[in-house]
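Here is the structure we will look at, set down as structure tokens.
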Amino acid sequence: MKHAASVTAPNKYVLIWDVVRRIPRGRVASYGQVADLAGLAGHARLAGYALHASAADALPWHRVVNAEGRLSLARTDPSSGMTQRLRLEREGVRFDARGRVDMTRHRWRPVVGQSARRPLEPSR
DNA sequence: GCAATGACGCTCT
DNA sequence: CAGAGCGCCATTG
């Protein structure tokens with residue numbers, strides 16, 4: 001069925017869910033970023049699949065947006081867009097006039113070694 | 001097993 | 001900056 005995972009949940013999905021669960025409050029990550037952290041670099045689509053397959057309130061799925069900072073809605077539940085935006089705003093995530101998340105300020109930066117690289121956001 | 005579809009992403013126009 | 005095209009992989013008919 002379209003709502004996979006209802007009975008079968010590939011380990012890959014579990015990996016993705018685990019990453020999503022680690023996203024801090026007030027921070028957002030893109031599907032590609034989640035896939036990458038889950039060890040599935042380049043497979044952003046799988047991240048989307050995993051989220052769709054997971055239970056609605058089993059994890060902070062609302063903190064996952066696409067690379068453009070826009071909200072990707074599930075065709076089976078278009079109303080999720082409203083829920084997502086409300087939850088994010090409630091966490092302090094700001095949206096611009098176009099309805100996009102300000103990625104430069106809210107993109108989640110998991111600790112990797114924080115040696116060099118780190119353009120650091122304009123922090124307003 | 002092939003063809004179509006999908007909570008995506010990157011590149012080119 | 002917007003739209004179209006192509007690539008990735010898993011699920012479904």
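This one's a predicted model, so the numbers in the text were calculated from it and none came from an experiment. Chain naming here is simple, since letters A, B, ... match the order of the sequence lines and numbering starts at 1 in each. The basis for the numbers below is simple: all heavy atoms, side chains too, and nothing from hydrogens, waters or symmetry mates.
Under the side-chain hydrogen bond (donor to acceptor under 3.5 Å, both in side chains) criterion, A:Q84 pairs with no residue, sequence neighbours left out. Qualifying salt bridge (charged side-chain N to carboxylate O under 4.0 Å, His left out) partners for A:E68, counting only residues two or more places apart in sequence or in other chains: none. Contacts of A:R45 classified as salt bridge (charged side-chain N to carboxylate O under 4.0 Å, His left out), with partners at least two apart in sequence or in another chain: none. Remark: A:R94 pairs with no residue by the side-chain hydrogen bond (donor to acceptor under 3.5 Å, both in side chains) rule, at least two apart or across chains.
Grouped by direct or indirect side-chain proximity (heavy atoms under 4.5 Å, Ile/Leu/Val/Met/Phe/Trp/Tyr only), A:L86 sits with A:M82.
For the pair A:K12 and C:dC9, the criterion of a side-chain N or O lying under 4.0 Å from OP1 or OP2 is not met.
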- [ ] Any chance you could list the contact pattern along nucleotides 7-13 of chain B? Use B for base contacts, S for sugar-phosphate-only contacts and - for none, protein heavy atoms under 4.0 Å, 5' to 3'.
- [x] BBSS---

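Proximity note for A:R98 (side chain, C-beta onward) versus C:dA10, C:dA2, C:dC9: the nearest is C:dA2.
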